[in-house]
Number of protein chains: 2
Amino acid sequence: MSSKRRDIAEAANRVFYREGFAAVGIDRLVDEANVALGTLYRHFGDRTQVIVAALEHRHGEFLAYLEERARAGEGADCVLQLFDALGNWSQGRGGNGCLFLRAAADHPHDERIRQAAVDHKRRYLALVEQRLLQGGWRAERAEELAPVIFLLLEGAVAAAFTLGDAAAVAGARHAAAILLAQPGAS
Amino acid sequence: MSSKRRDIAEAANRVFYREGFAAVGIDRLVDEANVALGTLYRHFGDRTQVIVAALEHRHGEFLAYLEERARAGEGADCVLQLFDALGNWSQGRGGNGCLFLRAAADHPHDERIRQAAVDHKRRYLALVEQRLLQGGWRAERAEELAPVIFLLLEGAVAAAFTLGDAAAVAGARHAAAILLAQPGAS
DNA sequence: CACAAGATAGAACGAACGTTCTACTTTGGG
DNA sequence: CCCAAAGTAGAACGTTCGTTCTATCTTGTG
């Protein structure tokens, strides 16, 4: 019955995202996960490992969401659906920015956390590139375009967070549509 | 002789940026600013006010840098020089992302910090819009374009931080050039 | 049933940290 | 020169927090 581990990771993901890493202590996680303190320390050696587990939980959640919602489509639609999916994801979730960015920013010296964040971003970028390939772009061109699309997705989340600008994702999507329509496309 | 206040704000900006808010305590700031603990508490009521002062210090520093480096130019150059300036700024500074974003992410409940971050971003966005006007864009069009350019700037910083991608700013600049060359420009 | 492994509640501890306080020294303007 | 304001060094306090430990209870399996 290792559902406890999942309970803790899920609660950590949820509470850390809502309230930030600094503001949430171990006992708070224990309460939120309906778990005993000893149980948490049985599954995770220390606080950092709980944070990493929260990030891994979110990683799975987020990429599964994107892959499910942005599946079909042809040409540029393959890519633009990522923006729609991101918009839906952010909506209803408070729009508190990117948890991976926040975790890395909060613990600049912690190698485990930084690694989890970098791994996530790499796979996120790989997903973008995959969609470009699926949309018919040449491999060489997809490799060029993916970082720029990625950058628009990241910028949209950041702008939505700091400025509370809910239209940021739409703006990013529009910009992406223009860039994808450039000559040298397919 | 209120240079002490400035010393503290400068040291806080520098150390917070390099090591993160959670990892830097009051005594560390006192050491780094070459100031006594009592002096810090004479100038700032509590830790939060030191953080706000660090953000205000950075705000002045950063916007002055951008305004100085991206002054001349015509048309799209007015705007693209912001990307060059941002690239130079990030370079040599460790590329640890946006301090305002990090501060807001770290203290989601602290109204003073969030306000300082929002104020900064608004004035940053206003600078972008001003450069578009200077570059010859119609007011209406500038208001449309500014958030997208802003989003590219923000995304570049975020991508450079999480992925360590030093080419992110160049990619963002290139994307901006394409967007600015779209019909309906001036 | 029995037993081992996991879960629980909560006490306990040690370290870190923000903040206050005290006593002493420096400094600059009237 | 004098004095008030600012700075210094460092002790001290109270709190918070991560982590460990103990004792008791559940639970699934042979």
J.: To the nearest angstrom, how far is K4(B) atom NZ from dT8(D) atom C1'?
T.: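 Going from NZ in K4(B) over to C1' in dT8(D) covers 9 Å.
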
J.: What's the CG-C1' distance between D31(A) and dT8(C), to the nearest Å?
T.: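 It is 13 Å, rounded to the nearest whole Å.
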
J.: Please list residues of residues 9-20 of chain B whose heavy atoms come under 4.0 Å from any atom in DNA chain C, ordered by number; otherwise none.
T.: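 Those residues whose heavy atoms fall under 4.0 Å from DNA chain C, taken from residues 9-20 of chain B, amount to none.
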
J.: Does a nitrogen or oxygen in the side chain of T39(A) sit under 4.0 Å from OP1 or OP2 of dT8(C)?
T.: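 Looking at the OP1 and OP2 atoms of dT8(C), one of them is under 4.0 Å from a side-chain N or O of T39(A).
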
J.: Given atom CG of L40(A) and atom P of dG6(C), what is their separation to the nearest angstrom?
T.: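 Value for this atom pair: 15 Å.
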
J.: Encode nucleotides 12-26 of chain D as B, S and - characters from 5' to 3', where the letter depends on protein heavy atoms closer than 4.0 Å: B to the base, S only to sugar-phosphate, - to neither.
T.: ------SBB------

J.: Please state how far atom CZ in F44(B) lies from atom P in dG7(D), giving the value in whole angstrom units.
T.: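 The answer, rounded to whole Å, is 11 Å.
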
J.: With a 4.5 Å heavy-atom cut-off, do F21(B) and I51(B) have their side chains touching?
T.: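 A side-chain contact exists here, since the closest heavy-atom pair is under 4.5 Å.
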
J.: Could you check if a side-chain atom of H107(B) sits within less than 4.5 angstrom of a side-chain atom of T48(B), using non-hydrogen atoms only?
T.: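 Not touching, per the 4.5 Å side-chain cut-off.
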
J.: Quick one, E144(B) and R141(B) - any side-chain contact, counting heavy atoms below 4.5 Å?
T.: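 SC-SC contact between E144(B) and R141(B) confirmed.
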
J.: Checking salt bridge (Lys or Arg N to Asp or Glu O under 4.0 Å) for the pair R47(B)/D110(B): CA distance, chi angles, key distance, verdict?
T.: CA-CA 12 Å; R47(B) 184 182 150 91; D110(B) 195 315; over 6 Å; no

J.: Is D165(B) paired with K121(A) through a side-chain N to carboxylate O contact shorter than 4.0 Å?
T.: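 Salt bridge absent between K121(A) and D165(B).
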
J.: Surrounding CD of Q91(A) (heavy atoms of other residues, nucleotides or ligands, distance under 6.0 Å), is the total greater than 12?
T.: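 No - once you tally the heavy atoms of other residues, nucleotides and ligands closer than 6.0 Å, there are 12 at most.
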
J.: Could you go step by step and tell me if R114(A) and E111(A) meet the salt bridge (Lys or Arg N to Asp or Glu O under 4.0 Å) rule?
T.: CA-CA 5 Å; R114(A) 167 162 285 267; E111(A) 205 49 48; 5.6 Å; no

J.: May I have the distance from R5(A) (atom CZ) to dA5(C) (atom P), rounded to whole angstrom?
T.: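 Distance, rounded to whole Å: 20 Å.
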
J.: Return a table of donor-acceptor pairs under 3.5 angstrom between the side chains of residues 11-18 of chain B and protein atoms on other chains or two or more places apart.
T.:
residue, atom, partner, partner atom, Å
N13(B), OD1, R58(B), NH1, 2.8
N13(B), ND2, E61(B), OE1, 3.1
R14(B), NE, E10(B), OE2, 3.1
R14(B), NH1, E32(B), OE2, 3.3
R14(B), NH2, E10(B), OE1, 3.4
Y17(B), OH, N96(B), N, 2.7
Y17(B), OH, G97(B), N, 3.2
Y17(B), OH, G97(B), O, 2.8

J.: Counting only side-chain N and O atoms of H43(B), is one of them less than 4.0 Å from OP1 or OP2 of dG7(D)?
T.: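 Indeed, a polar side-chain atom of H43(B) lies that close.
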
